[in-house]
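Here is how names work: the chains are called A, B, and so on, in the same order as the sequence lines, proteins then strands, and each is numbered from 1. Fair warning: this is a prediction, and the values are worked out from it, not measured in the lab.
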Amino acid sequence: MAEFVIRNVHKVFDSRAGHVVALRDISLGVTDNEFVAIVGASGCGKTTLLNLVAGFEQPTQGEVLINGQKIAGPGPDRGVVFQQSALFPWLSVRENIRFGPTLAVNSHRLDEGRIDGLLQRVGLANFQHHYPAQLSGGMRQRAAIASVLAIDPEVLLMDEPFGALDSLTRSVMQDFILEILDENRKTVLLITHDITEAIYVADRVVIMAGHPGRLRELVPIDLPRPRSLATQSTKRFLELRQYVISIVREEMAKATELEEEIVGSSL
Amino acid sequence: MARWFHKYGIYLVFPLLVIALWQAMAMAGFYRRQVFPGPGDVIMVWLDLMFGNLDLAGRYAGSWADHALASTWRVFAGFAWGAALGIFLGLLIGLSRLVEKIIDPTIQVLRNVPVTAWVPLSLVFFGIGSKPAIFLIGLGAFFPAVLNTTHGVRQVNQTLFKAATMMGATQYELVKRVILPAAMPSVMTGVRLSMGIAWVLVVVAEILAVRSGLGYLLNDAYQFYRNDVVMAAMISVGVLGYLSDRLVVLIRDRALEWNRLETYNG
């Protein structure tokens, strides 16, 4: 059981380069077992938003709550899958999956039988003694997902998890993640720039606009589950895709105009 | 035959070429044989230094093992304390900005003082013998170890750090299970440089401060115009230094197989 709420969040970064408003007045509630995907142009603050929920960053204003508790920092209740698979290069696949459960806070979860099960589930049983460098990109990301599932987080946060994979592997990985969640429901926040991916996997797609980062539109995805590749060619899917793309493009056009204005005024 | 050559013979080509060039220069007769002996003479006197049965090395005959052992012992003793202290302080400096502020400037200043400049003081403090040698060698081994360890700790991948924190790692677990293993390749590079510098310094120290070891043998033979013994001692230092380096590399490759897989042409 896990739900989280982002309430009136502002995030400002102060650096030598200046004062950047990364997020402006964001409010979003994600209910238990809901799958929310966030799309938007690069630089719109998607990753900052995920980092707030993960606890890697703190909001400048507003609050982020998980099950009513304020998020103070990262923790094993919120598993993060990173774009560059965060596998320890000095550990074998199996040792990587065991990493989380062998930490003191999770030690009650260590169960070699479960590790075997996870290795089977992600199709890496025959590669359990390989090092990450010996795996393909897709295998590495499956190992990374298994290592996060090993700590059995209530919330799964994924930051462009398939962004570095080729399109074929990516579409296989999307089905894989749907299957995994079908077996063991979790509350999920997925950051992606791939609109097809967002609609295919999510219950709700959140469109963000940039400069400063804010929520532009929430689109409920009323496609039936279980979904499969065939879902992607249904009329409803294509309508939703068309709709989301049009909004994202509109926002990108506005952003470009804004930049031109700024450049123009400085001339 | 061709396969044997590619596997082993290829290593011999260049050394044999160097020896042939040396032989040719010796035979050309620019210098007297006593001043510039050829490889054949040096090998023979080396054998006599080792086994003492050829009557070529004079009073040095049969003394090689004692000298080699003395030098090797000093190298490893100095290397051990210098590298160990360097790794320890490097970890502290890398992990803590506070420790860095307190001790790093001092290390950076002392690093610029050549180890040979410490010879007078080390003789005053430790007298003649192994102690000043082990002190100087350790001092020389310390700097590469501390610098490379600090660097290794500082360049740990941000994503790995975040991943471990997210899974609930404590500060202690982060150090032990993320920072230390990630720093190991850099630490081993430091250790390898430390070992190399230790063999340089053992010769310097033995010339100046001790009455045994290959450096002492080299210097003593020089005083008595025995350049064949000098060259045999030089080659001995080179070979022992090479074997020590191979030992470090062997340990590194065993311990860090993952790093070899991660790097290009590892």
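With a 4.5 Å cut-off on non-hydrogen atoms, Asn51(A) touches chain B through its side chain but not through its backbone. For Leu91(A), no part lies near chain B; criterion is any non-hydrogen pair under 4.5 Å. Of the two parts of Ala54(A), neither the backbone nor the side chain holds a non-hydrogen atom closer than 4.5 Å to a non-hydrogen atom of chain B. For chain B, the nearby part of Phe82(A) is the side chain; its heavy atoms alone come within less than 4.5 Å.
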request  = Apply side chain to side chain contact (heavy atoms under 4.5 Å, CB included) to the pair Glu173(B) and Thr102(A), showing each step before the final yes or no.
outcome  = CA-CA 10 Å; Glu173(B) 283 168 327; Thr102(A) 52; over 6 Å; no

For Gln83(A) and Thr159(B), what are the C-alpha separation, side-chain angles and deciding distance, and is it a side chain to side chain contact (heavy atoms under 4.5 Å, CB included)? CA-CA 9 Å; Gln83(A) 172 169 10; Thr159(B) 307; over 6 Å; no

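In Arg7(A), the CZ atom is not crowded: 12 or fewer heavy atoms of neighbouring residues, nucleotides or ligands sit closer than 6.0 Å. Counted within 6.0 Å of CZ on Arg246(B), heavy atoms from surrounding residues, nucleotides or ligands total more than 12; the atom is thus considered enclosed. Counting heavy atoms of neighbouring residues, nucleotides and ligands inside a 6.0 Å radius, atom NZ of Lys186(A) exceeds 12 of them. When the shell of 6.0 Å around CZ of Phe126(B) is examined, it contains more than 12 heavy atoms from other residues, nucleotides or ligands. Around atom CD of Glu183(A), more than 12 heavy atoms belonging to other residues, nucleotides or ligands sit under 6.0 Å away.
For the pair Lys162(B) and Phe56(A), the cation-pi test (distance below 6.0 Å, angle within 45°) is passed.
Taking Ala150(A), Ala86(A), Gly55(A) one by one and counting their heavy-atom pairs under 4.5 Å with chain B, the maximum is reached by Ala86(A). Counting heavy-atom pairs closer than 4.5 Å to chain B, the top-ranked of the candidates Ala133(A), Ala144(A), Gly100(A), Pro89(A) is Pro89(A). Ranked by heavy-atom pairs shorter than 4.5 Å toward chain A, the options Gly168(B), Pro181(B), Ala164(B), Ala163(B) are led by Pro181(B).
Separating the CD atom in Gln84(A) from the CD atom in Gln158(B) is a distance of 13.5 Å, to the nearest 0.5 Å. Distance CH2/Trp90(A) to CG/Leu256(B): 11.0 Å, rounded to 0.5 Å.
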